[in-house]
Amino acid sequence: MYTDIRPRRLRASAAIRNLAAETSVDKRRLIMPHFVSETAAGREPIASMPGIDRVSIDELLRDVESDLKLGISYVLLFGIPAVKDDSASSAYDDNGIVQKAVRALKERMPEACVITDVCLCEYMAHGHCGIVKDGRVLNDPTLELLADTALSHAAAGADMVAPSDMMDGRVAAIRDALDENGFLDMPILSYAAKYASAFYGPFRDAAGSAPRFGDRRSYQMDYRNALEAEKEVLLDIDEGADIVMVKPALSYLDIIRRVREIVNVPVCAYNVSGEYSMVKAAAKSGYADERMLATEILTSIFRAGADMVISYHTREVFREGWL
Ligand code: PBG
């Protein structure tokens with residue numbers, strides 16, 4: 001006898017593997033992102049994200065309605081405004097694209113849970129996430145605009161706001177503004193450990209939000225750091241974050257695990273645009289099986305410790321019966 005210990009016994013059949021599996025993914029905890037555009041006439045395919053379109057409000061309503069029928073409850077909204085300027089004025093305009101989309105969605109489909117991305121980069125002519133002066137992104141003056149943006153999303157009827165800018169103190173600024181205006185119950189999902197990442201490339205193409213000069217490394221995190229992620233999530237929780245996010249997900253599974261171990265709030269992970277597009281590209285060139293890749297990636301993100309995942313694969317998961 002060469003061994004008494006035979007781990008293969010628990011791998012012998014699908015039934016035994018299913019019984020012994022440590023991770024079971026609850027796909028109801030997937031969140032579907034949407035790009036709603038003020039200028040799109042109907043649908044505009046996004047070249048770098050096959051299967052994802054920029055949509056008008058009418059098409060957004062159609063998408064969310066059919067997603068709800070499939071069982072997808074969570075909507076993450078990104079807005080693409082008609083006008084970009086140096087103060088991101090369309091971001092906190094009560095008649096801005098996100099505000100209009102939220103009102104339309106909640107009026108027609110109150111059962112959809114609508115989360116809004118709170119950031120300024122899509123609304124700034126220079127594409128940075130804050131006010132720029134002399135080539136620098138200013139922190140504190142930006143907080144007021146972020147708070148105004150979150151407040152206008154809340155006033156439009158959003159169910160949750162998700163600040164993604166990485167300015168210091170923005171969760172506290174948003175919490176204060178919400179509380180002062182009676183939105184005591186509005187949860188904040190904070191992009192707490194958000195890294196400066198090449199994996200956002202397709203998103204910036206989709207949202208037209210690539211910075212016109214420089215990069216985001218003076219505010220988004222350095223991917224060499226993990227302790228700093230702990231610092232960021234603890235700070236955000238201190239400031240009032242109800243849920244903390246790690247972003248991206250796939251190259252950051254260790255961060256998801258570390259964060260899950262040190263916080264007592266739910267942890268969200270963002271399976272970002274570049275992670276999605278890599279799967280699409282691999283599948284298209286026949287290098288790997290799309291369903292198997294996506295399933296393995298999403299499962300690994302949950303296994304690492306995510307309680308919920310934002311993914312562009314969400315609709316396919318439900319429609320095609322993956323996971
Ligand atoms: C806005 C924002 C970005 C993403 C989410 N919110 C882009 C960025 O920070 O450049 C990226 C999402 C994705 O890649 O899917 N700041």
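Atoms within each ligand, like the ligands themselves, are counted from 1 in listed order. Computed from a predicted model, the values in this text were never measured in an experiment.
- Of all heavy-atom pairs between N95 and K100, the closest is O-CE, 3.3 Å.
- Remark: side-chain polar atoms of T116 are not paired, donor with acceptor, to backbone N or O of V118 under 3.5 angstrom.
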### Task
Please assess S164 against D117 for the test side-chain hydrogen bond (donor to acceptor under 3.5 Å, both in side chains), listing each intermediate value before the final yes or no.
CA-CA 7 Å; S164 69; D117 184 86; 3.1 Å; yes
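- Of all protein heavy atoms, the one closest to atom 15 (O) of ligand 1 is Y312 OH, 2.6 Å.
- From the protein, the heavy atom lying nearest to atom 14 (O) of ligand 1 is S273 OG, 2.7 Å.
- No N or O atom of E122 sits closer than 3.5 Å to an N or O atom of ligand 1.
- Contact between I255 and A226 at its shortest, heavy atoms only, is CD1-CB, 3.6 Å.
- Of all the atoms in ligand 1, the ones that sit under 4.0 Å from a non-hydrogen atom of V272 are 13 (C), 14 (O), 15 (O).
- The distance from ligand 1 to the heavy atoms of Y270 drops below 4.0 Å at these ligand atoms: 12 (C), 15 (O).
- Using a 4.0 angstrom heavy-atom cutoff, Y276 does not count as in contact with ligand 1.
- Of all atoms in ligand 1, listed by their number and element, those nearer than 4.0 Å to a heavy atom of F78 are 5 (C), 6 (N).
- Checked for salt-bridge contact, R291 and D289 miss the test: no charged N lies under 4.0 Å from a carboxylate O.
- Protein heavy atom in closest approach to atom 5 (C) of ligand 1: K247 NZ, 2.7 Å.
- The nearest protein atom to atom 16 (N) of ligand 1, hydrogens excluded, is given as K194 NZ, 3.1 Å; this is a heavy-atom distance.
- A side-chain donor-acceptor contact under 3.5 Å links R257 to the backbone of R303.
- The distance from ligand 1 to the heavy atoms of S164 drops below 4.0 Å at these ligand atoms: 1 (C), 2 (C), 6 (N), 16 (N).
- For the pair K194 and Y200, the cation-pi criterion (under 6.0 Å, within 45° of the ring axis) is fulfilled.
- Contact annotation: for D117 versus ligand 1, heavy atoms closer than 4.0 Å belong to the side chain alone.
- Proximity annotation for atom 10 (O) of ligand 1: of R204, M245, Q220, R204 comes nearest, heavy atoms only.
- Applying the 4.0 Å criterion to heavy atoms of R216 picks out, from ligand 1, the atoms 8 (C), 9 (O), 10 (O).
- Atoms of ligand 1 lying under 4.0 Å from at least one heavy atom of C121, given by number and element, are 1 (C), 16 (N).
- A distance-only check finds a donor-acceptor pair linking the side chain of Y195 to the backbone of N225 [under 3.5 Å].
- Both the sub-6.0 Å distance and the 45° axial angle are not jointly satisfied by K247 relative to the ring of Y252.
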